[in-house]
Undergrad: 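Handing you a structure now.
Keep in mind that the numbers below use all heavy atoms, side chains included, and drop hydrogens, waters and symmetry copies.
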Amino acid sequence: MEFLRTNKWVMYTITILRIWLGYAWFLSGFNKVTHGFSAHKFINMAIKNPVQGMHGEQFPWFTVFLKICTNNGSQTEIFSMLVPWAEILIGFGLIFGLFNLAAAFLGLIMNFTFIFAGTISSNPNYIIIEFLILVIGNNSSKLGLDNLVIPWLKNKFLNKRKTYQPYEPHF
């Protein structure tokens with residue numbers, strides 16, 4: 001594990017994969033914003049035709065989640081706005097290496113959500129790369145803005161707090 005988190009060739013390789021994945025996320029979201037996107041049909045298909053396995057519905061909890069969040073598929077406007085902009089932000093985060101691990105984690109959540117809804121597409125490929133980014137950790141964004149922004153944020157917000165000093169009784 002230490003090898004993945006410190007090796008410079010791993011850093012270069014994962015940076016290339018991270019930027020490629022970020023571009024793919026950004027392009028997907030950008031196309032949805034510029035060409036219009038409605039999650040209504042997609043969500044209703046996921047509710048009416050859930051993913052089936054050998055013994056029936058695979059993810060019944062996900063169908064219940066969609067029904068609750070969208071009032072049984074009739075109110076999908078929030079998802080129509082949220083999905084494209086989340087894809088764009090994940091893309092920016094991965095391309096620029098800014099909040100890189102958070103972007104990869106949120107990308108994982110979206111990819112699994114798409115799979116639970118019944119869409120395979122490129123989701124497994126994205127999941128593998130996002131998982132690698134999370135495992136490799138900070139080495140995946142050494143060639144990114146995280147190297148500048150995270151230390152600045154830590155210095156700005158964490159150093160101003162008074163550190164906890166446990167009480168030591170004096171006898």
Undergrad: Assigning hydrophobic clusters by single linkage (Ile, Leu, Val, Met, Phe, Trp, Tyr; side-chain heavy-atom cutoff under 4.5 Å), is L143 placed with I16?
TA: no
Undergrad: In terms of relative ring orientation, are F96 and F92 parallel, tilted or perpendicular, with 30° and 60° separating the classes?
TA: parallel
Undergrad: Do you reckon F99 sits in the same ILVMFWY cluster as V135, going by side-chain contacts under 4.5 Å, direct or chained?
TA: yes
Undergrad: I'd like to check V83 versus M110 (side-chain heavy atoms, cut-off strictly below 4.5 Å). Are they in contact?
TA: yes
Undergrad: Heavy-atom distance under 4.5 Å between the side chains of L108 and L134, does that happen here?
TA: yes
Undergrad: Parallel, tilted or perpendicular: which describes the rings of W25 and F114, with under 30° parallel and over 60° perpendicular?
TA: tilted
Undergrad: Is the distance between the ring centroids of Y23 and W20 under 6.0 Å?
TA: no
Undergrad: Any side-chain heavy-atom pair from V10 and S140 closer than 4.5 angstrom?
TA: no
Undergrad: Check the side chains of E87 and S28 for a donor-acceptor pair under 3.5 angstrom, ignoring hydrogens and angles.
TA: yes
Undergrad: What's the separation between atom CG in L4 and atom CD1 in I136, rounded to the nearest 0.5 Å?
TA: 5.5 Å
Undergrad: Quick check: do L21 and E130 have side-chain heavy atoms less than 4.5 Å from each other?
TA: yes
Undergrad: With a sphere of 6.0 Å drawn around CH2 of W9, does it hold more than 12 non-hydrogen atoms of other residues, nucleotides or ligands?
TA: no
Undergrad: Can you sort out the partners of L89 under side-chain contact (heavy atoms from CB on, under 4.5 Å), two or more places apart, ordered by chain and number?
TA: none
Undergrad: If the plane angle is over 60° it's perpendicular, under 30° parallel, otherwise tilted; pick one for F62 and F116.
TA: tilted
Undergrad: Which label fits F26 and F30: parallel for a plane angle under 30°, tilted from 30 to 60°, or perpendicular past 60°?
TA: parallel
Undergrad: May I ask whether L145 and M11 are part of the same hydrophobic cluster, defined by side-chain heavy atoms of I, L, V, M, F, W, Y residues being less than 4.5 angstrom apart, directly or through others?
TA: no
Undergrad: Which heavy atom of N139 sits nearest to which heavy atom of N7, and what is that distance?
TA: ND2-O, 3.0 Å
Undergrad: Please check if atom CG in N138 has more than 12 non-hydrogen atoms from other residues, nucleotides or ligands closer than 6.0 Å.
TA: no
Undergrad: Taking the side chain as everything from C-beta on, heavy atoms only, tell me whether V33 gets closer than 4.5 Å to I88.
TA: yes
